[in-house]
Amino acid sequence: MKKIAIFASGGGSNLREIYYQIQIGDIPAKIVLVVSNNPQCGAIIFANEKGLENFIVNDTRFPNLDTRDKLLLQALLKAEVELICLAGYMKLLPKRIVKEYKDQILNIHPALLPQFGGKGFYGMKVHEAVIEAGAAESGVTVHLVDEEYDHGKIIAQKKVKIRSGDTAKTLAKRVLKVEHDLYPKVVKAFCKDRVVWE
Ligand code: GRF
């Protein structure tokens, strides 16, 4: 049983998906902490509904950056977190957390990295850029997290074809569906120690 922390700033649909896969016994894990910078986001509402421990980390609550980072790391260590899953988390992770949890932090990105990734490529902006570029396909990437945005080793990708007439919105919808399939699978593989580097 791996102890997982999920970091999210938005709707929390990936959190939900992972939660339900754990509930039905498909992923051998327990969500021990949900972290967000936004106390009002869907992910935190869901966490509260389900009685999941949560931790809000933002500059209103902790104005001092160093204190904020330290308290977050403390919360993760106290909860004995073994895997961190970023699921729409809008903040860059503190360096000390990336270091402490080296190769134990996953992120999901709604495009085929290394294309359409990096600083500024988040949310709808990703899909808008894909459509604007006239790409034939987009997709989903799950990767390890390092100190740069969308940069660590890629673990899994799944393609999504662009249809004629697609808008950023219609594409985003199809990509999110694929995310809900791919992310729990990777989390499951990780929890079963099936992610190995050759
Ligand atoms: C997803 O599209 C994910 O790829 C990106 O942020 C979005 C989060 O969606 N990093 P949700 O909050 O899980 O619904």
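Counting starts at 1 for both ligands and their atoms, in listed order.
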J.: Look at atom 14 (O) of ligand 1 and say which protein heavy atom is nearest, naming residue and atom and giving the distance to 0.1 Å.
T.: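 Its nearest protein heavy-atom neighbour is Ser13 OG, 2.5 Å.
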J.: Between Ser138 and His127, do the side chains contain a donor N or O and an acceptor N or O under 3.5 Å apart?
T.: no
J.: Who's closest to atom 3 (C) of ligand 1 heavy-atom-wise, of Arg16, Glu179, Met90?
T.: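 The option holding the nearest heavy atom is Glu179.
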J.: Please report which non-hydrogen protein atom sits nearest to atom 10 (N) of ligand 1, along with the residue it belongs to and the distance in Å to one decimal place.
T.: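 The closest heavy atom on the protein side is Ile108 O, 3.0 Å.
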J.: Among Ile6, Asn14, Val140, Val178, whose heavy atom sits nearest atom 13 (O) of ligand 1?
T.: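 Shortest heavy-atom distance from atom 13 (O) of ligand 1: Asn14.
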J.: Would you say the side-chain atoms of Asn37 and Ser9 include a donor-acceptor pair closer than 3.5 Å?
T.: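 Distance-only check passes for Asn37 and Ser9.
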J.: Applying the side chain to side chain contact (heavy atoms under 4.5 Å, CB included) test to Ile56, which of Val34, Val35, Asn38, Ile44 qualifies?
T.: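 The residue from Val34, Val35, Asn38, Ile44 that satisfies side chain to side chain contact (heavy atoms under 4.5 Å, CB included) with Ile56 turns out to be Ile44.
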J.: Which atoms of ligand 1 are found less than 4.0 Å from any heavy atom of Gly88?
T.: 5 (C), 6 (O), 8 (C), 10 (N)
J.: Examine distances only and state if a side-chain atom of Gln157 and a backbone atom of Thr141 form a donor-acceptor pair shorter than 3.5 Å.
T.: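 Such a contact is absent between Gln157 side chain and Thr141 backbone.
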J.: Looking only at heavy atoms, what is the nearest atom pair of Ser36 and Cys41, with distance?
T.: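 Here Ser36 and Cys41 meet closest at OG-SG, 3.4 Å.
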J.: Please confirm whether Gly12 approaches ligand 1 to less than 4.0 Å, judged on its heavy atoms.
T.: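 Judged by the 4.0 Å heavy-atom criterion, Gly12 does count as contacting ligand 1.
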J.: Going by the atom numbers of ligand 1, which of them fall below 4.0 Å from some non-hydrogen atom of Gly11?
T.: 12 (O)
J.: Would Arg96 pass as a cation-pi partner of Tyr101, given that its NZ or CZ must be under 6.0 Å from the six-membered ring centre and within 45 degrees of the axis?
T.: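 The answer is no; the distance or angle limit is not met.
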